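Note that the coordinates shown come from a computational prediction; the quantities given were computed from them, not determined experimentally. Chain A is the first sequence line, chain B the second, and so forth, proteins listed ahead of strands; every chain is numbered from 1.
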Amino acid sequence: MVSDYSSPANAKLPPLPAPGSPRRLEGHDKLTGRARYAGDFTADLTGGVLDAAVVVTSTQATGRILSIDARAASQLTGVRLVLTHETAPRLHSVMATNGAEIGDLLPLQDDKLHYYGQAVAVVVADTLATARDAAALVQVTYSAPEPDAAFTLAQGRGRAQDVKKVGAGDPGQVQVGHPEKAFAAAPHQVDMTFDTAAHHHNAMEPGAIVAAWDADGGLTVHLPTQFSYGDAVILGEAFGFGLKERLPNIVAQVLGGIEFHHKVRVVSTMTGGAFGSKNANVHLLLAPMAAKLTGRPVKLVLDRAQTFTLMPFRGEMHQRIRLGADAEGRLQAVLHDALLAKGTAGQFVAPIGEGTTKVYATPNLGLHVQAAALDTNAPGWMRGPGAPNGQFALESALDTLAHQLDLDPLEIRLRNYAETEPDTGKEWSSKALRECYAQGAARVGWHHRNPQVGSMRAANGRLIGYGMATAIYPTLQLPARARVELGADGRAVVQTANHEIGQGMITAFTQLAAETLGLPLEHVRLEWGDTRLPYGGMTVGSMTTLSGGAAILEAAQQVQKALLKRVVTDKASPLHGLAPDELRVENGHMVGPGGASESVAAAMARHPEAPIREEATTGRTMGHSSYGREAFGAEFAVVSVDPDTMHVQVERLVGAFAGGRILNPLLVRSQLMGSMVWGLGQALLEQSEMDERTGHWLNDSLGEALVPTNADVADIDVILVEEDDSRGHPLGVKGLGELGITGVAAAIANAIYHATGQRITSLPITLDKLLATPH
Amino acid sequence: MRNFGYFRAASAAEAVQAGATPQVHYLAGGTNLVDLLKYRVEQPEALVDINRLPYGHIEELPDGGLRLGALVTNAATAYDARVQARYPLLSSAILAGASAQLRNAATNGGNLNQRTRCPYFYDVAAACNKREPGSGCAALGGHNRDLAILGTSESCIATFPSDMCVALRVLDAQVRLLGPAGERVVPIAEYHRLPGAEPWRDNNLLPGELVTAIDLPPTDFGQHYTYLKIRDRLSYAFALVSVAVALRLDEAGHVLDAHLALGGVAHKPWRVSEAEDLLTGQLPSAEVFGAAADALLAGAKGQGENDFKLVLARRAIVRACWQAAAGTPQSQSDKHIR
């Protein structure tokens with residue numbers, strides 16, 4: 001995608017709120033509706049023709065489709081196609097590096113039902129209204145459902161199996177020392193179980209795709225995604241393109257310098273919120289299947305309810321935490337057993353043990369993860385993705401231990417501070433968690449609270465409580481490529497197929513390139529989100545700046561080096577004869593000793609035939625490092641609880657985070673704040689409610705799936721704690737997007753305990769759970 | 001959404017004539033109806049757009065009451081200076097509901113006629129006697145956390161979701177109707193129905209009848225009132241339990257007159273005269289308010305997931321009575337429970 005919005009230099013905006021924090025370059029376009037999302041596509045962008053596709057989903061979870069009667073639907077004027085398992089193109093099996101459902105289950109290939117809300121047909125018509133109308137007329141008849149279906153962990157407990165690898169390959173079974181023995185021998189013990197509800201992403205933008213086949217058999221799709229290259233490979237495999245590039249080897253192929261085929265082009269201009277949900281979803285295949293049969297471009301936008309079954313979610317999790325401690329509260333054993341819901345297809349199991357294996361020092365550590373495949377759509381990556389739940393359990397248990405030992409909850413965390421990485425013994429690349437604790441505690445007034453449980457009351461009688469927890473998120477990096485070209489006009493174009501998912505990538509990358517090249521921001525243009533551009537990797541795991549930023553940094557450094565070499569050898573330059581390392585480039589000017597200077601534009605204009613172009617591939621170690629690399633933070637919550645109705649109000653959230661170098665404080669603050677709001681939602685509101693008899697998600701609308709509103713959201717403080725991680729990463733940055741959600745639910749649950757004396761061990765903490773205790 | 005006919009009525013007579021045909025619905029703000037069309041819960045042959053009818057005003061009544069036109073929006077009603085001064089309870093209840101955008105579009109007549117939010121009513125694949133008579137009730141034994149504890153039947157445990165109508169019930173509003181047989185006036189108490197064996201009938205409207213206005217009798221509840229709405233999310237969420245209370249107190253603080261109604265717990269706003277009688281003549285106390293709460297909740301029965309509503313409703317009633325007696329009504333702008 002070529003950025004086609006007006007230069008930020010022309011935008012009339014108030015002064016920047018913080019130096020070094022340019023506002024979002026695409027913000028004006030988003031606010032005015034000029035930014036184009038896939039769902040905004042109209043026929044003029046696809047050669048004058050664009051049909052509308054609507055998915056029909058199953059109203060039964062198990063059994064078989066006996067028949068699909070599409071006669072009435074097909075007879076509506078304007079209907080071009082009713083695609084079913086009987087008429088759909090046969091697809092080749094695909095790999096999905098991220099454990100997504102389509103790696104195991106391709107759509108419309110047979111009559112078998114796997115979950116409620118499964119795609120069973122796609123209707124294509126000349127207008128959306130006709131397609132919707134026709135979709136409602138498709139009559140599907142099912143066999144009797146299977147009697148032994150399981151839709152919840154309670155129903156499917158018998159299906160539990162040990163999990164070798166969680167998340168992107170972290171171990172599901174960890175043992176350090178002799179945790180069971182050490183726990184049994186510990187003088188102080190906590191043994192608690194926790195249950196957390198399923199909840200969905202509910203990103204503003206639903207899944208959407210525009211698919212068009214060209215006359216040469218090539219395929220172009222426009223869609224919001226977090227991995228355009230991955231989608232291209234999946235499409236290439238599914239439709240039998242015979243591409244050389246392959247998942248999951250693509251990363252090695254990138255590092256090996258593979259020439260990509262580009263027969264399948266994936267363009268992702270804007271993604272309206274992803275958070276892990278826009279990863280190889282089933283509609284990636286449905287729209288091209290339909291367009292192949294109609295021979296015309298097709299647009300498919302999921303409706304909100306369909307995002308509950310055709311896109312992933314955070315599944316139910318059941319956890320047991322056992323902590324053994326000595327009399328001083330030092331952990332002798334940490335045991336974490338987890339049972340997570342999996343889908344009927346799909347391989348994803350959330351990395352639930354991030355906290356237990358990385359946060360606290362203990363000589364004996366055990367992680368035992370199991371998963372049960374339920375008859376539902378597949379859970380998947382979602383903000384965190386396991387750490388928010390894992391930290392809820394661990395930090396609630398640790399809070400319980402602190403109260404048992406009459407220790408300050410902050411003190412017990414300091415006593416168990418891990419000076420090295422607990423499961424590996426590695427030295428940290430950096431870790432300013434102590435400063436996070438200190439600054440967060442000072443800001444929230446931790447040491448001025450009355451630590452006695454149930455002791456604090458507001459003037460209006462509400463119960464007041466303070467709670468805290470540790471935040472953790474791994475610092476990851478994957479291979480990425482970037483190309484930087486400095487043109488004859490002295491302006492640079494930066495190309496990398498990474499993705500703007502609302503996090504601010506466009507701004508951060510443009511800013512980083514401008515800073516590295518020494519150009520003003522408006523002299524740098526980023527091209528992103530298109531498989532015609534160099535491989536940009538996956539926009540996941542809070543690693544966009546780490547992965548793509550590293551490649552841009554390296555390519556831009558090379559460009560600058562070439563530029564300086566050029567001017568010092570160019571007789572026409574006032575800088576001729578100087579040594580390159582005597583020069584610095586600032587604001588578009590190269591400046592040497594004694595005031596000699598030349599603008600980049602003037603130097604480049606003398607050689608219009610020779611732009612400077614460099615490419616870099618970074619991330620060769622796949623983020624592996626001799627150091628332990630994690631980002632840490634401290635979350636503090638102040639709640640008030642109405643003593644009659646037990647309604648919980650979060651009055652204040654303070655998060656202090658150390659994330660290495662902060663490239664753009666404005667963007668980072670907004671990400672962390674958004675993450676903390678989601679943590680608040682997870683703590684108090686969010687749960688996807690299922691009819692446990694049918695496997696149907698019931699509250700599948702933005703009206704009924706409760707996410708926090710302004711009235712629910714507290715006063716939120718984000719503190720960015722200084723940290724030098726230059727030995728961890730060339731930019732010194734860490735992953736911050738997801739860090740903010742981890743620990744919030746625990747901090748709120750711990751605050752509720754401080755306020756009420758009630759230890760609620762299931763999420764969300766709704767008032768009925770607090771009312772269940774006699775008053 | 002299935003295609004439907006659309007007819008914009010130029011006069012009330014024209015509207016009523018068109019509206020008397022089966023499978024024809026009136027369209028005002030459309031904030032609920034259009035959703036129901038999209039979900040195919042309602043599949044009318046035609047809509048009669050009544051937005052041009054002359055029911056868009058709030059007028060003084062000779063007895064000192066107010067007449068709220070059926071087409072006045074919920075927002076315009078809540079922010080009307082006369083409503084705020086004389087019926088602050090109504091204003092408060094309206095502002096507790098929905099969102100600013102919805103209140104700007106939703107009308108008073110439409111608020112009376114909104115349908116339940118039971119998830120199974122919206123799910124056309126599920127059994128629902130209200131949507132499809134005789135199909136059964138999937139909510140029984142299903143997900144029923146938000147559903148009714150009072151006045152339920154074996155065929156339906158849905159709740160009526162309105163906040164505004166809970167206040168109207170306390171204020172003894174009268175609903176003015178125009179139908180093929182002419183005008184009639186129905187007290188709010190007799191407007192909505194309990195589900196019984198015919199849960200598809202939300203109210204006692206006759207075929208073709210149109211709400212033209214809501215009449216508020218003169219009252220003196222401007223000092224001691226509250227609308228306390230308890231919900232998981234503080235804004236844009238339906239009530240788990242809501243309580244409307246209006247009291248008149250003498251100078252010594254004795255209750256002269258008490259009106260109490262509940263929302264979110266039944267198929268209609270729930271009001272019981274025995275509960276109010278227990279308050280009359282009494283000084284505010286936890287015991288007196290508790291006794292009234294018990295009377296108001298007499299016969300309440302949980303469905304499993306919603307058992308907590310029995311406890312929550314009792315506490316909310318007592319709390320609301322205190323708020324009203326103290327003259328410190330629940331704020332709807334600062335939504336934190338007081």
A/Gln60, part contacting chain B, at a heavy-atom distance under 4.5 Å:
neither
Report yes if some heavy atom in the side chain of B/Leu240 is under 4.5 Å from a heavy atom in the side chain of A/Leu767; otherwise report no.
yes
Test salt bridge (charged side-chain N to carboxylate O under 4.0 Å, His left out), reference A/Asp644, set B/Arg315, B/Arg319, B/Arg314, output is B/Arg319
For A/Gln649, which atoms come within 4.5 Å of any heavy atom of chain B: side chain, backbone, both, or neither?
side chain
Which atom pair, heavy atoms only, marks the closest approach of B/Asp232 to A/Leu685?
O-CD2, 3.3 Å
Give, for atom CG of A/Leu684 and atom CG of B/Leu234, the distance between the pair rounded to the nearest 0.5 Å.
10.0 Å
Could you look at A/Asp768 and say if it's the side chain, the backbone, both or neither that has a heavy atom under 4.5 Å from chain B?
both
Heavy-atom distance under 4.5 Å to chain A: side chain of B/Ala138, backbone, both or neither?
both
Choice from A/Met690, A/His647, A/Arg462, A/Arg693 maximising heavy atom contacts with chain B below 4.5 Å
A/Arg693
Check whether any side-chain heavy atom of B/Tyr122 sits under 4.5 Å from a side-chain heavy atom of A/Leu698, and report yes or no.
no
Starting from the C-alpha separation in whole Å, work towards a yes-or-no answer on side-chain contact (heavy atoms from CB on, under 4.5 Å) for B/Arg233 and A/Val707.
CA-CA 8 Å; B/Arg233 175 164 80 179; A/Val707 301; 4.0 Å; yes
Would you mind reporting whether B/Lys38 and A/Asp303 have side-chain heavy atoms less than 4.5 Å apart?
no
Distance check, rounded to the nearest 0.5 Å: A/Lys769 atom NZ versus B/Phe308 atom CZ?
11.0 Å
Report which part of B/Ile337 has an atom under 4.5 Å of a heavy atom belonging to chain A: side chain, backbone, both, or neither.
both
Ranking B/Arg145, B/Arg231, B/Glu305 by heavy-atom pairs under 4.5 Å to chain A gives rank one to B/Arg145
To check you understand the geometry: which heavy-atom pair defines the closest contact between A/Asp712 and B/Ser235, and what is its length?
OD2-N, 4.5 Å
Select one option (side chain, backbone, both, neither) describing which atoms of A/Glu651 are under 4.5 Å from chain B's heavy atoms.
side chain
Which one, A/Asn460, A/Thr59, A/Asp691, leads in non-hydrogen pairs under 4.5 Å with chain B?
A/Asp691
Please name the pair of heavy atoms, one in A/Ala711 and one in B/Lys335, separated by the smallest distance, quoted to 0.1 Å.
CB-CD, 4.1 Å
Within this structure, what is the CD1-CG distance for the pair B/Ile230 and A/Asp642, rounded to the nearest 0.5 Å?
7.0 Å
With rounding to the nearest 0.5 Å, note down the distance linking OG1 in A/Thr694 to CG in B/Asp123.
7.5 Å
For B/Tyr236 and A/Leu702, work out which heavy atoms get closest and say how close.
CE2-O, 4.1 Å
